[in-house]
Amino acid sequence: MDKFKQIYKMIKKYNKIVIARHVGPDPDALGSTLGLKEVILNTFPKKEVYVVGAPASRHRYIGLLDKFTDDMYKDSMLIVLDTPDIKRIDGVDCSKFEYVIKIDHHPFIERFADIELIDSSASSASQLVIELIKNTKLKPNKACAEKLYIGLVGDTERFLHSYTTCKTFELVSYIIKETNIDFTSLYENMYLRSINDLRLQSYIINNLTITDNGFGYIKLDQDILDKYNTDAATACNIVNNLTFIDGMYSWAIFCYDKANDNIRCSIRSRGPIINEVASKYNGGGHKFASGARLSDFDISDKLINELDLACLKYKETITNL
Ligand code: AMP
């Protein structure tokens with residue numbers, strides 16, 4: 001039996017299902033989990049299905065989360081989406097569930113589930129949920145398809161990144177045909193921004209340091225965040241808008257995160273492999289989209305040096321072609 005069928009069998013078996021994802025959720029973490037909940041309930045209306053983890057106010061439009069309570073551990077199955085390791089699971093202890101399933105598209109870090117469906121060539125966890133639906137008797141509806149579409153578009157940055165494949169388009173086409181969602185109407189919620197955020201983006205562009213090796217970075221302290229009336233998550237997200245700058249191969253935003261009293265860092269690349277570097281700094285993620293957590297800005301200088309070196313190495317490979 002293939003993994004999709006095995007997962008369907010376990011979904012059918014358990015009446016209580018908890019769905020979790022990584023800390024600091026992005027649209028894919030939220031869209032994939034909330035979309036999976038919708039499709040399970042649409043197929044099996046009598047089941048209890050909960051999506052847990054700390055809410056992220058700016059992504060509230062994707063859907064509401066359930067508050068986790070300890071009785072949810074009893075006789076229930078956990079499905080963890082978009083999360084490669086135990087320490088990044090938000091809000092639940094995976095060892096307390098009767099059965100655990102992992103569905104993920106990050107590079108493998110550790111095994112923690114009874115069934116692990118991992119495909120690091122998939123664009124997003126949402127894409128994997130669409131594939132699960134297509135390969136089983138799960139019945140999608142509009143609400144599920146909208147959430148999965150948002151997750152997939154979020155992680156591919158509107159089909160821009162290299163892990164957007166032919167299969168991505170086939171699965172998107174499948175879910176749109178099945179449910180007839182009005183997908184263009186979803187973009188306003190996803191991309192509407194305050195003028196302050198755009199002004200902060202201008203500040204970042206005006207003050208970005210770009211090294212000779214093609215690494216771009218900026219450090220944002222609390223004063224800057226206060227000036228633009230924003231927070232670390234929103235500021236770091238601007239990293240996605242710096243993709244095609246000539247001569248810049250990798251770039252990062254380092255931002256003080258008041259809530260956690262540490263430095264949140266978002267790193268992107270269009271060549272150098274960055275997740276191996278990020279993983280040395282309490283971070284991780286994908287080859288070309290990674291993040292890290294640092295105790296202070298001094299440590300960020302070490303990370304900057306290593307990322308700069310990764311750019312140098314990459315530059316040498318492309319100039320030798
Ligand atoms: P972000 O820059 O927050 O959008 O994250 C980009 C990618 O890196 C996502 O796949 C995250 O799950 C991952 N990531 C971000 N921060 C961390 C971290 N501190 N540890 C491990 N992975 C991370």
Side-chain angles (χ1 to χ4, degrees), residues 20-33 53-54 56 58-59 62 80-91 102-110 112 118-128 150-158 160-164 190 197 204 216-220 230-243 250-257 259-270 272-296 299-300 303 306-307 310:
R21 39 69 187 168
H22 63 75
V23 290
D26 50 19
D28 185 37
L30 292 164
S32 61
T33 48
R58 73 201 175 94
H59 302 311
I62 304 176
V80 181
L81 287 156
D82 201 26
T83 314
D85 50 351
I86 293 177
K87 75 172 187 332
R88 299 258 303 153
I89 302 174
D90 194 5
K102 182 208 275 184
I103 300 175
D104 189 30
H105 74 125
H106 288 88
F108 176 79
I109 293 185
E110 66 180 347
F112 60 78
I118 300 168
D119 180 357
S120 58
S121 73
S123 70
S124 52
S126 299
Q127 175 175 321
L128 287 172
I150 288 169
L152 190 152
V153 166
D155 247 30
T156 59
E157 199 57 48
R158 287 169 270 179
L160 197 67
H161 297 315
S162 58
Y163 36 88
T164 307
M190 291 186 78
D197 284 358
I204 290 172
Y217 66 92
I218 189 160
K219 298 176 190 172
L220 302 173
T230 191
D231 57 19
T234 309
C236 276
N237 198 43
I238 293 172
V239 79
N240 294 317
N241 301 343
L242 308 175
T243 304
S250 173
W251 56 100
I253 296 180
F254 297 85
C255 188
Y256 178 65
D257 180 352
N260 293 297
D261 188 27
N262 61 20
I263 309 299
R264 180 182 175 136
C265 166
S266 281
I267 316 160
R268 298 293 184 266
S269 167
R270 52 187 180 87
I273 309 292
I274 51 175
N275 57 350
E276 289 163 8
V277 182
S279 66
K280 295 193 228 161
Y281 292 84
N282 198 18
H286 306 279
K287 270 193 307 191
F288 302 135
S290 300
R293 286 276 170 177
L294 313 166
S295 54
D296 53 56
I299 299 188
S300 66
L303 177 51
E306 287 204 45
L307 290 166

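Whatever order the structure lists ligands and atoms in, that order sets their numbers, starting from 1. Position 1 is the first residue of the sequence; numbering continues from there. None of these values were measured; they are calculated from a predicted model.
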In the protein, which heavy atom is nearest to [atom], and how far is it?
atom                    : value
atom 15 (C) of ligand 1 : G291 CA, 3.4 Å
atom 3 (O) of ligand 1  : R264 NH2, 3.4 Å
atom 7 (C) of ligand 1  : A289 O, 3.3 Å
atom 21 (C) of ligand 1 : G284 N, 3.2 Å

Counting each atom of ligand 1 from 1 as listed, which ones have a heavy atom of [X] under 4.0 Å away?
X    : result
S266 : 1 (P), 2 (O), 3 (O)
G285 : 8 (O), 13 (C), 22 (N)
N282 : 18 (C), 19 (N), 20 (N)
H106 : 10 (O), 12 (O)
H286 : 10 (O)

Closest non-hydrogen atom pair between [X] and [Y], with its separation:
X    : Y    : result
P272 : A310 : CB-O, 3.8 Å
L30  : I62  : CB-CD1, 4.0 Å
N275 : G285 : ND2-O, 3.2 Å

Parallel, tilted or perpendicular: which describes the rings of H106 and H286, with under 30° parallel and over 60° perpendicular?
parallel
Is the shortest distance from a heavy atom of S290 to ligand 1 less than 4.0 Å?
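It does, in that a heavy atom of S290 comes within the 4.0 Å cut-off of ligand 1.
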Just to be sure I'm reading this right: ignoring hydrogens, which of H22, R268, R88, H105 gets closest to atom 14 (N) of ligand 1? Compare them by their nearest heavy atoms.
R88
Under 3.5 Å, side chain of D28 to main-chain N/O of A125, donor-acceptor pair present?
yes
Does any N or O in the side chain of S250 come within less than 3.5 Å of the main-chain N or O of R268, such that one atom is a donor and the other an acceptor?
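Checking the backbone N and O of R268 against the side chain of S250, a donor-acceptor pair under 3.5 Å is found.
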Could you tell me whether R293 and D257 have a side-chain N and a carboxylate O separated by less than 4.0 Å?
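A salt bridge links R293 with D257.
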Check this for me: K287, atom NZ, are more than 12 non-hydrogen atoms of other residues, nucleotides or ligands nearer than 6.0 Å?
no
